[in-house]
Amino acid sequence: MLSQAESVLNGQVTLRVALAGQPNVGKSTVFNWLTGLNQHVGNWPGKTIEQKTGFCHCDGAVIHLVDLPGTYSLTANSLEEIIARDYIIQERPDVVVVIVNAASLERNLYLVAELLSLPSRVVVGLNMVDVAAEEGMAVEPQVLEAALGVPVVPMVATKNQGVRTLIETACRLARNELPYRPNVPQIRDDHRRVLAEIRALIADMVPEPYPSDWVALKLLEGDPEITAMMHERLALAGRWDQVHDILKAHEDAVLAVASGRYAWVERMVRAAVRRPRAGQITFTERLDRWATHPLWGLGLLAAILGIVYWLTFTVGAPLQGWLEQYVVGGLAQLASRWLTNGPAWLQGLVVNGVIGGAGTVITFLPILMIFFAMLALLEDIGYMARAAYVMDRFMHLVGLHGKSFLPLFLGFGCNVPAVIGTRIIDSQRARLLTILLAPLVPCAGRMTVVAFITPLFFGRMATLVAWGIVTTTLLLLAVLGVLINRWVLGGERVAFIMELPLYHRPNRRTIFLQVWQNSLEFLKKAGSLILAMSVVIWVLSTLPHGEMETSYLAQVGKALAPVGALMGLDWRLVVALLTSFVAKENSIATMGILLGAGQGAVGLQEALTQILTPAAALAFLVVQTLFIPCVATVAAIRQETRSWKWTAFSIGLLGTVSVAAGIGVYQVMRIV
Amino acid sequence: MESAKITQNGVRLSSVPPSETVRIQKLEGGHTFVSRLASLGFTPGTPLRVIRNFGHGPLIVHVRDTRVALGRGEADKIWVEEVTGEQNG
């Protein structure tokens, strides 16, 4: 990624600046002001974690910015922390800009304490001074600067105040134009001797570019990654046992080291921070009385979700219809007119295969964008953590915690934003589990099929049957959640420790950029996969004779007929299930074609009642509700997990579960 | 839950009623858990105020100017003691 930036810059002076900070400090707002659309969103090499890079200009220099993942510390407790510190140690940026939240300075300076022990120079961006003032706190930047010995720039990133000064300060520091005498935190007295001992033992064994003092400290802290690295090297020299004995005798050192850093932090803030009088009730506190109440909190959440759905259906759905009719339909007309003289197969391929597939991608966009915008807004104002808190006790039952609720709930609209929405979950394991469970939430597409078929067979009981199908599916989600967690991901629930940030005004720019980037990524990554798979399915359902009845897909359906028979379904309904892979509501269209097309919905309904018993109809509905996720969801799963293995696991799991459930339902219903 | 008594040995954080201020005594649990809590500011001796605790479900506590939601299982592993001396919010 560096070479890419450097080739753009061609001979100009370039500086490399890394942006660090804890979560909820407005770091991405700062990054967005500095880079605007000059940013690139990708992933850290080999990781599922998003990496943002970009550039900006300052005093004739080009600054290459890397947005490090938000982390509370630099100990290897999470992938984010490893990525952040590895970047600083191995890439040695000229300056590390660390954004801190003035309203919770004590906890924020803990990260600064860790950063000062690393080789790069540090500038502190003292953000959210306005939020701190609202909470009755005041921070004096000059006092803090004098104590820390590094530049401190006060700012309000949401209003673009101080952001420019921040990057100019970083630039001047890199050019040695500013004094830099960092007050590096020292270890607590009672552990000084043991640290010196470890340092002496490992000094000549620490690999480049790791600073050996830092490695000694991380060993004492019991950092798993550094311990593994040094174990290997010291074992070769026969010195590991000696080091290991020392570490063993000081197993509690992790708390001593952390307490030491916090003691340093307390000295730094003592003079610089003025706190509110005791007993003063702040805005966040007042709002949280409602938002985190076990009853009113649920009510508030329900109201917010209601608004999200109302927006989707009043704005998103008509827009979707409009796109389908005019953009996709218009394109299809244009293409068929162009190709009238060409071979029929080409016309079919372009109009039904390619434009049909592209249509799926495009018509997803309005709904996705609404969901992305709502997610970004709720996250930005700080509400998301409250929703997670309120839902935690329920999600607990499934082995998940509160943060998984929102993405899963979005699944009722569409599984695609549900899968992409799991990005708000900070634990990788919980995120993977949520992605695997998301396709079990019955989406609007599947409910269309349920709504079409239930009245035919169950009359006045239709609503009850539909409700039963949804409930069963959600129960299955809970059971599979427990099982996958236990048997596939290895038990142990992720600890629920979550910061509740102070509420603050949303920033339009942050939300806009997030919607823009997420949509762009969906179009680029998932879009191409959806298009390719749609074309393949179209080809399979058309070749070799141009008719679905005799196509390869029909042959597959006939081959699977014995399995279908166990569910009371003939090959035509099996094919209908297979085509639901492109889009869930497709199964209706396929049945229309195979059961004697052209007679419209009424004809299809009659034909269905003739070939299906109520037991078979119920089995069909259960299978199609649980069936393998649609191509767009599969593409999203692949995009988010970055793993074909987990994508295949998801398809295999749902394929097996759905068929098993279908057979079970049919066999039981037949007896009853 | 009601029988929470603050003894010399301390009590589990999960049994402390809302709006009470206590001091962290010790942390139980695995290395990763302790390390995560420590970096968030849950170090022995630190004052902590309970904001939400309904006797079931997760808690909300206030520590080092930060509101933190903790699962009940996590709060069970944090031992706290009564704050002696001056009252501190």
Side-chain angles (χ1 to χ4, degrees), chain A residues 71-78 81 101 103-108 110-111 114 132 135 137 221-224 251-252 254-255 257-259 261-263 265 273 275-280 284-285 288 292-294 385-386 388-390 392-394 396 401-402 493 495-502, chain B residues 13-14 18-21 23-80 83 85-89:
Chain A
T71 59
Y72 289 107
S73 71
L74 293 179
T75 307
N77 291 330
S78 69
E81 293 175 318
N101 178 349
S104 55
L105 195 58
E106 233 178 86
R107 200 205 60 222
N108 272 261
Y110 187 84
L111 180 65
E114 288 232 61
E135 297 286 314
M137 297 176 76
E221 270 187 272
D223 183 294
E251 266 180 334
D252 59 336
V254 57
L255 279 176
V257 174
S259 301
R261 287 198 192 106
Y262 269 114
V265 168
V273 178
R275 283 170 203 288
R277 285 171 288 119
Q280 194 175 329
T284 292
E285 219 160 316
D288 263 355
T292 63
H293 190 278
R386 274 73 185 183
Y389 170 77
V390 170
D392 184 66
R393 71 193 69 188
F394 305 106
H396 213 102
H401 55 60
R493 204 178 68 95
F496 182 56
I497 308 169
M498 181 184 63
E499 180 190 355
L500 298 177
L502 296 172
Chain B
L13 176 58
S14 51
S19 69
E20 197 141 311
T21 299
R23 200 177 287 282
I24 297 171
Q25 195 182 49
K26 64 175 184 203
L27 307 174
E28 282 175 359
H31 183 271
T32 311
F33 175 71
V34 170
S35 174
R36 265 189 79 188
L37 277 181
S39 59
L40 271 170
F42 290 77
T43 51
T46 308
L48 175 157
R49 186 158 51 92
V50 177
I51 295 176
R52 286 273 192 216
N53 184 2
F54 295 100
H56 54 87
L59 290 78
I60 299 180
V61 299
H62 191 267
V63 66
R64 297 193 194 266
D65 298 329
T66 311
R67 297 172 152 242
V68 180
L70 283 174
R72 187 146 292 269
E74 284 71 42
D76 271 339
K77 295 179 187 160
I78 301 173
W79 288 81
V80 295
V83 174
E86 95 278 39
Q87 183 184 330
N88 200 336

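Below, chain A is the first sequence line, B the second, and so on; all start at residue 1. Worth knowing before you read on, the calculation uses all heavy atoms, side chains too, and leaves out hydrogens, waters and symmetry mates.
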Exercise for the section: Verify, without hydrogens or angle tests, whether B:His31 (side chain) and A:Asp223 (backbone) share a donor-acceptor contact under 3.5 angstrom. Expected result: no

Exercise for the section: Check whether any side-chain heavy atom of A:Arg393 lies under 4.5 Å from a side-chain heavy atom of B:Arg72, and answer yes or no. Expected result: no

Problem - B:Asp65 and A:Met137, any side-chain heavy atoms less than 4.5 Å apart - result: yes

Completion exercise
One should read off an interatomic distance between A:Leu500 CG and B:His62 NE2, to the nearest 0.5 angstrom, of 10.5 Å

Handout entry: A:Leu255 side, atom CG; B:Ile24 side, atom CD1 - distance, nearest 0.5 Å
Key = 9.5 Å

Completion exercise
With chain A, the option among B:Thr32, B:Val63, B:Leu27 that has the most non-hydrogen atom pairs under 4.5 Å is B:Thr32

Practice task
Using non-hydrogen atoms and a 4.5 Å limit, figure out which bit of A:Glu114 sits close to chain B: side chain, backbone, both or neither.
Solution key: neither

Practice task
Under 4.5 Å, counting heavy-atom pairs only, tell me which of B:Ile60, B:Thr43, B:Val68 racks up the most with chain A.
Solution key: B:Ile60

Exercise for the section: Would you mind telling me which of A:Arg261, A:Arg386, A:His293 has the largest number of heavy-atom pairs within less than 4.5 Å of chain B? Expected result: A:His293

Problem - Contact winner vs chain A - B:Pro58, B:Pro44, B:Gly57, B:Ala75, heavy-atom pairs under 4.5 Å - result: B:Pro58

Exercise for the section: Taking ring-ring contact (aromatic ring centres under 6.0 Å, His included) as the test, write out the residues that go with A:Tyr110, two or more places apart. Expected result: A:Tyr262

Exercise for the section: Please examine the side chains of A:Thr75 and B:Ser39, heavy atoms only from C-beta on, and report whether any two atoms are closer than 4.5 Å. Expected result: no

Practice task
Output the distance between atom OH (A:Tyr389) and atom CG (B:Leu59), rounded to the nearest 0.5 Å.
Solution key: 6.5 Å

Handout entry: Carboxylate-amine/guanidinium proximity below 4.0 Å for A:Asp288 and B:Arg52
Key = no

Exercise for the section: Might you point out which heavy atoms bring B:Phe33 and A:Ile497 nearest each other, and give the distance in Å? Expected result: CE1-CD1, 4.0 Å

Exercise for the section: Would you mind checking which part of A:Ala103 comes under 4.5 Å of any heavy atom in chain B, side chain (CB onward), backbone (N, CA, C, O), both or neither? Expected result: backbone

Problem - Gap between atom OG1 of A:Thr284 and atom CZ of B:Arg67 - 0.5 Å precision - result: 6.5 Å

Fill in the blank from the handout: Answer key: most heavy-atom pairs under 4.5 Å with chain A among B:Leu37, B:Val34, B:Leu40, B:Thr46 is B:Leu40

Completion exercise
Assert top hit (heavy-atom pairs under 4.5 Å, partner chain B, pool A:Ser73, A:Ala258, A:Pro294, A:Ser78) equals A:Pro294

